[in-house]
Amino acid sequence: MKIAVFSTKSYDQEFFENANRTNEHELTFIKPRLTSETWILANGFPAVCAFVNDILNKECLERLAAGGTKLIALRCAGYNNVDLEAASQLGIDVVRVPAYSPYSVAEHTVALIMSLNRKIHRSYARVREGNFSLDGLLGFDLHGKTIGIVGTGKIGVAFGKIMHGFGCKLLGYDPNPHSELSAEGMQYVTVPELFSSSDVVSLHCPLTPATRHLVNQESIPLLKKGAMLINTSRGSVIDTKAVIPALKSGQIGSLGIDVYEEEADYFFEDLSDQAIADDTLARLLTFPNVIVTGHQAFFTTEAMSAIATITLQNISEWEKTGRSINLVGS
Ligand code: NAD
């Protein structure tokens, strides 16, 4: 099948070419993001492969449909960037990769927690300057601390199992509770209880109307004073503007984010020779107790390989049967 692969980086091309060794599909790699301005690059392609920051709104989908596109193959789990109603009305199917390696994201979450807690980012820079002092590097034992997991799906479960191994107590919130972390002693509680009892709150829910700005001006005061907040889910689960005064006052003790609500103009690009125009992002980067990574939690060899393989399998299945087990909304 002819597939236009948007937002392509060299690493995407490498993993997709490897997954398409038999040349079953005809892949065209396109560097720009997919938006209602760049859709023309997909004109005549029955399938379009898109990533997290491509904007598949109604306007873009209408143009794609007029150009002959019948399938959007997302190479990610989240689908908050697609207007599913418009896609359905236009007869465009949407497939995604619901699971590739939950360990990739769970382990990156732990990396953020460990770096923030033990100030690895600061000690790395300090030692390279010949400064071996310990002032300001004091951390805490994770053993015995309480970890609040918002969203106990595949990634939340993988993360909970790791934190249980550290000797942490686990609290969870999920509108669809299940027993996967019961052996680890996880207790389901309400969001306010989770916020007020956790030393670390980690977000692993999808971005939906219910989770948009779940962490906001009203809910931040519920957090334990000085708690660590981690977000590797989607940026808009946090109202970032509300987090800045909380970091200044110490209500939030530290913040680790792999996603940011306005990340689309920044993440995945080398903008090191430019000033950051986004004042909220720029302010966040000034805090010593904030670590921002550029949506890299998924970025392991195992995850990239699985993403490319499953994306192409989804397309093959859809091409042969008109359906896919990974159809969004089925
Ligand atoms: P999943 O579908 O397995 O689990 C999501 C869980 O969130 C489900 O158990 C669901 O019931 C729960 N949930 C739904 N609404 C909720 C709410 N209002 N409050 C709390 N929980 C709620 O998904 P997953 O594979 O674990 O991925 C979780 C999220 O992580 C994805 O939606 C995606 O946004 C994000 N993600 C980020 C990266 C990255 O690189 N940073 C990579 C993959 C996924």
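Numbering of ligands and ligand atoms starts at 1, following listing order.
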- Message: I need the full list of ring-ring contact (aromatic ring centres under 6.0 Å, His included) pairs touching residues 20-65, with sequence neighbours left out, sorted by first then second residue.
- Response: Phe51-Phe268, Phe51-Phe298

- Item | Tyr100 to ligand 1, any heavy atom closer than 4.0 Å | yes

- Message: Can you report which non-hydrogen protein atom sits closest to atom 35 (C) of ligand 1, along with the distance?
- Response: Ser233 O, 3.5 Å

- Message: Closer than 4.0 Å to some heavy atom of Phe298 - which atoms of ligand 1 meet that?
- Response: 40 (O)

- Query: Looking at Lys224 and Asp199, does any basic side-chain N land under 4.0 Å from a carboxylate oxygen?
  - Reply: yes

- Query: Would Ala99 count as a contact of ligand 1 if the rule is a heavy atom under 4.0 Å away?
  - Reply: no

- Contact atoms of ligand 1, heavy-atom distance to Asp258 under 4.0 Å: 39 (C), 40 (O), 41 (N)

- Note on the structure: Honestly, for His204 the part within reach of ligand 1 (heavy atoms, under 4.0 Å) is backbone

- Logged contact type for Ile155 with ligand 1, heavy-atom cut-off 4.0 Å, is both

- Of Ile257, Thr232, Thr211, the residue with the heavy atom nearest atom 18 (N) of ligand 1 is Thr211

- When you look at OH of Tyr79, are more than 12 heavy atoms from neighbouring residues, nucleotides or ligands closer to it than 6.0 Å? no

- Task: Determine, using heavy atoms of Pro175 and all atoms of ligand 1, whether some pair is separated by less than 4.0 Å.
- Result: yes

- Query: Using 4.0 Å as the upper bound for N to carboxylate O, is an ion pair formed by Lys154 and Glu180?
  - Reply: no

- Message: As an exercise, identify every atom of ligand 1 less than 4.0 angstrom from a heavy atom of Val150.
- Response: 20 (C)

- Query: Do Tyr260 and Tyr266 have their ring centres less than 6.0 Å from each other?
  - Reply: no

- Item | NZ/NE/NH1/NH2 to OD/OE distance under 4.0 Å, Arg75 and Asp12 | yes

- Note on the structure: Ranked by distance from atom 19 (N) of ligand 1, the top protein heavy atom is Tyr173 CE2, 3.3 Å

- Note on the structure: among protein heavy atoms, the one nearest atom 12 (C) of ligand 1 is Asp174 OD2, 3.2 Å

- Item | Residue pair Gln296 / Asp258, side-chain donor-acceptor N/O under 3.5 Å | no

- Message: Does either side chain, that of Glu302 or that of Ser101, offer a donor lying less than 3.5 Å from an acceptor on the other one?
- Response: no

- Do we see a donor-acceptor contact under 3.5 Å between the side chains of Thr152 and Tyr188? yes

- Are side-chain N/O atoms of Thr280 and Arg283 paired as donor and acceptor at under 3.5 Å? no

- Of all the atoms in ligand 1, which lie at a distance below 4.0 Å from a heavy atom belonging to His295? 39 (C), 40 (O), 41 (N)

- Would you call Lys31 and Glu269 a salt bridge, using N to O less than 4.0 angstrom? no

- Side-chain heavy-atom pair Thr109, His204 within 4.5 angstrom cut-off: yes

- Within 4.0 Å of some non-hydrogen atom of Cys205, the atoms of ligand 1 are 7 (O), 20 (C), 21 (N), 22 (C), 29 (C)

- So which protein heavy atom does atom 33 (C) of ligand 1 come closest to, and at what separation? Arg234 NH1, 3.6 Å

- Message: Please classify the His108 to ligand 1 contact at 4.0 Å (heavy-atom distances, strictly less than): side chain, backbone, both or neither.
- Response: neither

- Task: Go through ligand 1 atom by atom and flag the ones less than 4.0 Å from a non-hydrogen atom of Gly153.
- Result: 3 (O), 4 (O), 6 (C), 9 (O), 26 (O)

- Of the protein's non-hydrogen atoms, which lies at the shortest distance from atom 1 (P) of ligand 1, and what is that distance? Lys154 NZ, 3.7 Å

- Message: Assess, by modelled atom type and distance only, whether the side chains of His108 and Thr293 contain a donor and an acceptor separated by less than 3.5 Å.
- Response: yes

- Item | Close-contact set for ligand 1 against Gly151 heavy atoms, below 4.0 Å | 7 (O), 20 (C), 21 (N)

- Between Pro209, Gly235, Pro206, flag the one that comes closest to atom 32 (O) of ligand 1 by a heavy atom. Pro206

- Per-residue contact class, Tyr79 against ligand 1 - non-hydrogen pairs under 4.0 Å: neither

- Message: Closer than 4.0 Å to some heavy atom of Val105 - which atoms of ligand 1 meet that?
- Response: 38 (C), 42 (C), 43 (C)

